[in-house]
Engineer: 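Below: one structure in structure tokens.
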Amino acid sequence: MSEVLNVEEIFGSKVFTLGKMRERLPKSVYKEVKKIIDHGGELSLATADVVAKAMKDWAVENGATHYTHWFQPLTGITAEKHDAFVTHPDESGKMIMEFSGKELIKGEPDASSFPSGGLRATFEARGYTAWDITSPAFLKEDATGVILCIPTAFCSYKGEALDKKTPLLRSMEAVSTQALRIVRLFGNTEATKVVASVGPEQEYFLVDRDKYLKREDLIFAGRTLFGAPAPKGQELEDHYFGTIRERIGSFMKDLNIELWKLGVTAKTQHNEVAPAQHELAPIYETANIAVDHNQLVMETMKKVAGRHGMTCLLHEKPFAGVNGSGKHNNWSLGTDNGVNLLDPGDTPNENIQFLLVLACILKAVDTHADLLRQSASDVGNDHRLGANEAPPAIISVFLGEQLEDVVKQLVETGDATHSIQGGKLLTGVSTLPDLDKDATDRNRTSPFAFTGNKFEFRMVGSADSIASPNTTLNAIVAEAFCEAADLLEKADDFDIAVHDLIKKYLTEHQRIIFNGNGYSEEWVEEAARRGLPNIKSMVEASETLTTEKSIKLFEKFGIFTKAELESREEVLYETYSKTINIEALTMVDMAKKQYIPAVMEYTKTLADTVLAVKSAGADATVQTTALKSISEKLAEAQAAETSLEDKLAEAAGIEDPKKLAFFYKDVVHTAMDDLRAPVDALEMMVDKKVWPVPTYGDLIFEV
Ligand SMILES: NC(=O)CC[C@H](N)C(=O)O
């Protein structure tokens, strides 16, 4: 019998939850904290002192020696700088551990080396972290000891956002304010806020650590830059939902335990489509906490994989030719009195509030398809989108049969009189129950799919923070709600006005609805006919941040200033160029120091064989032909390697960040492909024993 795991007891044990605050704080202090969490406001320094002491006492009781303001700079990952609770000893030499309210609420981590896109000159180095009271503090335990982590926002001396959290929090407030106006129109006077909630499904690969360490591309780039396909890929679909192997299972078990302790509701786990690919999905929660938790999920996956002699690859496309990894971002909006704005009910044609919300979302997604596409772009996702079971780069919305039919009725006749019902699914077996069928099937080819009571934004990449996609979603929907509320609040006859507005929005924006196969070539053509943007790369997507339309949107709701948007665009170009540069340098390194020497050595062995066979008086045609074709490919690889180095030298002379990023995308990238092709071909021509690195087969089938 295995040991019984008390999940209820370990869940949240490393989190300074509301429950722990209620136990440890004086009633009045707890009430003040709770009020600010729910409705905003500022904590007085005296109250902050009391909270800080309680938080420190709890942390120290649990072994903590340090605290850190934990934040999310524009690197897309998290940052921390530890400070011990240590203070000056008194005269007798005794030291008492302390943590003040001031230290809790505000930090000044310097942190001047983080990307700021020109927002901070080096002489304006001051940056501040501010406690995000809405996301609970937690304990991180590793070889460093136990560290109290306080989620914080990070901004410059002038108050400009330098992180991912600040704009997200601003967008949550914006969408809450505007969505409240909508529910008020329908007579909901009880709700005091509308919360954006998110559940991100995290896909990942696990590879053996020893093999990983033999591949510079995995170490430096997080993905394979070379590699011929293995004889078997994912075509048999036998890995998908297959039995979880022992080694992976014991990783998953440890991962769950670590995550539960951190209050992450790790819920679903399974093998994904590609060999060595897996998935973990939590239950949805407030967007801000979901973003923090997803960072913890990614970090914990890497840590726990190490303990099991494996490495977790979060890259969107670690292996060419098989599925990449996404992070399907399930998003919805709910009032604090329990109404899910995205729940259509049984008869959506009669649910006017839902239809208005839906019409607003379609309008938002159509109007800002470019921004939504941008929010899901990162360097790795360029390889994933549109390839092997990942949504295309074209934004469209899947509504499903039932809603598509309601929309059609509204657009065509102005009235929706009925809703298609799911009915029964007849199993045809007397011992099996007949099932109630959903009114709508699912569509995994869509980048933005309605799934019953939420939207699943499937475009997001696996390695990316989910802060940007949710910030953008909240922002664009806030704008649509705001425009609708501006009109409807003034309407003489609300019923007629709302009906007309829904019809208008649906008619104007129905081009964004697509229920067919998003992977098909026909859709690319059809989307072009409809005038939908097809933004193929991260570099092209970055430009959309600073269009007039984008600046107007984000400034209107105080989510980004123009300067913040410009700085982010610049950071994206820099990140892109630096990442591709690392990849290209890694390729040069591997080609020059590993592949080319290995093949040279092999050609020598072959040449010796040719001579030996000939001198023995036998026919050496096979050996000679092999030698010739391998030497030709080797020459091709050598030339491509030199050309890649030339292109990198050319890149070094380009100063403008945008021009440079485009150069990396258009020129360096092509040179990289040109080098990969002959090396991959050589892999199939030489003896496996001389190949200097583990192959695709070794990496994804022998974990
Ligand atoms: N079965 C699936 O859901 C595959 C999803 C795919 N891995 C993606 O990148 O989105």
Side-chain angles (χ1 to χ4, degrees), residues 198-207 222-224 229 233-244 248 267-282 284 294 297-298 301 312-331 372-373 375-398 400 438 440-452 454-466 468-470 514-515 517-520 523 536-538 541 696 699-700 703:
V198 170
E201 301 163 19
Q202 178 74 50
E203 293 181 325
Y204 60 98
F205 279 81
L206 286 173
V207 294
R223 71 174 179 112
T224 52
Q234 63 191 38
E235 57 275 62
L236 295 180
E237 318 252 293
D238 49 350
H239 190 256
Y240 191 43
F241 286 14
T243 309
I244 296 166
I248 307 297
K267 170 104 178 152
T268 307
Q269 62 196 23
H270 61 86
N271 286 350
E272 252 302 332
V273 178
Q277 191 185 28
H278 313 278
E279 175 174 314
L280 177 138
Y284 66 87
N294 182 249
V297 166
M298 292 194 282
M301 280 179 169
C312 173
L313 303 176
L314 293 171
H315 195 283
E316 286 77 8
K317 198 76 180 174
F319 303 99
V322 291
N323 273 16
S325 297
K327 184 143 49 194
H328 305 162
N329 185 91
N330 293 284
W331 173 91
L372 208 53
R373 161 71 180 93
S375 75
S377 66
D378 68 13
V379 192
N381 223 9
D382 280 3
H383 301 279
R384 165 181 169 253
L385 295 180
N388 308 86
E389 297 203 29
I394 308 161
I395 293 274
S396 65
V397 182
F398 169 79
D438 285 307
T440 290
D441 200 358
R442 290 168 77 111
N443 182 330
R444 66 189 211 186
T445 70
S446 175
F448 199 75
F450 186 72
T451 53
K454 59 185 167 55
F455 275 101
E456 185 181 10
F457 187 19
R458 295 174 66 91
M459 192 180 257
V460 185
S462 52
D464 211 4
S465 157
I466 52 165
S468 298
N470 289 299
F514 178 62
N515 285 335
N517 178 8
Y519 297 160
S520 70
W523 169 233
K536 297 208 175 78
S537 75
M538 165 180 169
Y696 267 32
L699 285 165
I700 56 179
V703 192

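Heavy atoms only: backbone and side chains are in, while hydrogens, waters and symmetry mates are out. Note that ligands are numbered from 1 as they come in the structure, with each ligand's atoms numbered from 1 the same way.
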Engineer: Give me the residue, atom name and distance of the protein heavy atom closest to atom 5 (C) of ligand 1.
Structural biologist: Glu203 OE2, 3.4 Å
Engineer: Which of the atoms of ligand 1 are close to Val273, meaning less than 4.0 Å from one of its heavy atoms?
Structural biologist: 1 (N)
Engineer: Could you check whether any side-chain N or O of Asn381 sits under 3.5 Å from a backbone N or O of Ser377, counting only pairs where one atom can act as donor and the other as acceptor?
Structural biologist: no
Engineer: Does ligand 1 come near enough to Pro391 that some N or O of the ligand is less than 3.5 Å from an N or O of the residue?
Structural biologist: no
Engineer: Pair His239, His278 - check ring-ring contact (aromatic ring centres under 6.0 Å, His included), show working.
Structural biologist: CA-CA 9 Å; His239 190 256; His278 313 278; 5.5 Å; yes
Engineer: State whether the side chain of Gln202 and the backbone N or O of Ser462 hold a donor-acceptor pair below 3.5 Å, judged by distance alone.
Structural biologist: yes
Engineer: Out of all atoms in ligand 1, which are within 4.0 Å of some heavy atom of Tyr240? Include the element for each.
Structural biologist: 1 (N)
Engineer: Hey, does Glu316 sit under 4.0 Å from ligand 1 if you only count heavy atoms?
Structural biologist: no
Engineer: Using modelled atom types only, decide if a donor and an acceptor are shared between the side chain of Lys317 and the backbone of Asn323 within a distance under 3.5 Å.
Structural biologist: no
Engineer: Nearest protein heavy-atom contact for atom 9 (O) of ligand 1: which residue, which atom, what distance?
Structural biologist: Arg384 NE, 2.7 Å
Engineer: Counting distance only, does the side-chain N/O of Glu316 pair as donor-acceptor with the main-chain N or O of Ala463 below 3.5 Å?
Structural biologist: yes
Engineer: Atoms of ligand 1 less than 4.0 Å from His328 heavy atoms?
Structural biologist: 3 (O), 5 (C), 8 (C), 10 (O)
Engineer: Between Phe514, Phe457, Trp331, which is the residue that forms a ring-ring contact (aromatic ring centres under 6.0 Å, His included) with Phe448?
Structural biologist: Phe457
Engineer: Quick one: nearest non-hydrogen protein atom to atom 6 (C) of ligand 1, plus distance?
Structural biologist: Glu389 O, 3.4 Å
Engineer: Closest non-hydrogen protein atom to atom 3 (O) of ligand 1, residue and atom name please, with distance?
Structural biologist: Arg458 NH2, 3.3 Å
Engineer: Check whether more than 12 heavy atoms from other residues, nucleotides or ligands sit under 6.0 Å from atom OH of Tyr240, and answer yes or no.
Structural biologist: yes
